[in-house]
Amino acid sequence: MKKIVIFASGSGTNAENIVLYFKKIEDAKVIYIFSNNANAKVIERAKKLNIPSEVFSKEDFNRDKVLQKLNNLQPNLIILAGFLLKFPQNCVAAFPNKIINIHPALLPKYGGKGMFGMNVHRAVVENNEPETGITIHYVNENYDEGNIIFQKSVPLSGNETPEDIAAKVYKLEKKWFPKIIENILKSKI
């Protein structure tokens, strides 16, 4: 059984989508959800889905407490699904090519510190981009700079609001993120 651990900071819609997808897959499942935000809706979603979850502080993250827990869980893959903290170097080193993130733009455009959620979509509108999309990539020591695994684009008409773009991007995330996770797990036998 392949084990998936998810990190999320917000509403948890991607986390829930991943959990539900893998409930239908026999050889992989989400075993744990971490959040750095005690008020995140992802914690409520985890409870409803019967997935153990834990809230941790930035200090816990940087002082190896989270790494110790990950070492005990021994996940095959760690998924960042709307997770806003930079992953510490010690965690990246302990799980090389086992941590993936989804970004709501076509990297390398609109990546880096502070570029998440509506910040990204506003930047896409302000720059009159003809398209946007998602990027699924490995996590390294820098924001949004790990090797790209998958990208999918969606055309823009130029009349979209950031909210319109967010809805288009979320459709891509919902469709592709679980499938790409499954493909990665199958390739890491």
request  = With sequence neighbours left out, write down each residue that passes salt bridge (Lys or Arg N to Asp or Glu O under 4.0 Å) with Glu173, or none if nothing qualifies.
outcome  =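 Once residues adjacent in sequence are excluded, Glu173 has no partner under the salt bridge (Lys or Arg N to Asp or Glu O under 4.0 Å) criterion.
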Identify the heavy atoms of [X] and [Y] that sit nearest to each other, and give their distance.
X	Y	result
Leu185	Ala28	CD1-CB, 3.9 Å
Asp144	Met115	OD2-O, 4.3 Å
Lys29	Phe22	CA-CB, 4.1 Å
Ala8	Ser35	O-OG, 2.8 Å
Leu172	Ile134	O-CD1, 3.8 Å
Leu67	Cys91	CB-SG, 4.0 Å

Is it true that a side-chain atom of [X] and a backbone atom of [Y] form a donor plus acceptor pair closer than 3.5 Å?
X	Y	value
Asn101	Val139	no
Arg45	Ser11	yes
Asp60	Ser57	yes
Gln68	Val66	no

task = Determine, step by step, whether Tyr32 and Lys3 satisfy the side chain to side chain contact (heavy atoms under 4.5 Å, CB included) criterion, reporting the C-alpha distance in whole Å, the side-chain angles of both residues, the deciding distance to 0.1 Å, and the verdict.
result = CA-CA 9 Å; Tyr32 214 83; Lys3 298 183 286 186; over 6 Å; no
inquiry  = Just by distance, no angles: are the side chains of Asn36 and Ser9 close enough, under 3.5 Å, to form a donor-acceptor pair?
reply    =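 Yes, a side-chain donor-acceptor pair sits under 3.5 Å.
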query = More than 12 foreign heavy atoms under 6.0 Å from CD of Glu26: is that the case here?
reply =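 Open: at most 12 neighbouring heavy atoms sit under 6.0 Å from CD of Glu26.
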inquiry  = Within the supplied structure, the quantity of interest is the number of heavy atoms (other residues, nucleotides, ligands) at a distance under 6.0 Å from Lys58 NZ; does it exceed 12?
reply    =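 12 or below, so no.
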In Å and rounded to the nearest 0.5 Å, what is the [atom1] to [atom2] distance from [X] to [Y]?
X	Y	atom1	atom2	answer
Glu129	Leu156	CD	CG	8.0 Å
Glu16	Asn14	CD	CG	10.5 Å
Phe7	Phe61	CZ	CZ	5.0 Å
Leu77	Ile100	CG	CD1	5.0 Å
Ile33	Ile6	CD1	CD1	5.0 Å
Ile165	Glu163	CD1	CD	9.0 Å

Honestly curious: do [X] and [Y] fall in one hydrophobic cluster under the side-chain, below-4.5 Å linking rule?
X	Y	result
Trp176	Phe83	no
Leu80	Leu84	no
Tyr21	Ile4	yes
Val42	Ile51	yes
Ile78	Ile180	no

key: Under-4.0 Å salt bridge between Lys186 and Glu182   =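 Salt bridge: yes.
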Heavy atoms, side chains only, cut-off 4.5 Å: are [X] and [Y] in contact?
X	Y	answer
His103	Val120	yes
Phe87	Ile99	yes
Val124	Lys109	no
Phe95	Val5	no
Pro75	Lys98	no
Asn127	Tyr110	yes
Phe34	Leu70	yes
Leu49	Val30	no

For residues 145-155, run the donor-acceptor check on the side chains, cut-off 3.5 Å, and write out each pair with its distance to 0.1 Å, sequence neighbours left out.
| unit_1 | atom_1 | unit_2 | atom_2 | d |
| --- | --- | --- | --- | --- |
| Glu145 | OE1 | Asn142 | ND2 | 3.1 |
| Gln151 | NE2 | Leu107 | O | 2.8 |
| Gln151 | NE2 | Thr135 | OG1 | 2.9 |
| Ser153 | OG | Glu131 | OE1 | 3.4 |

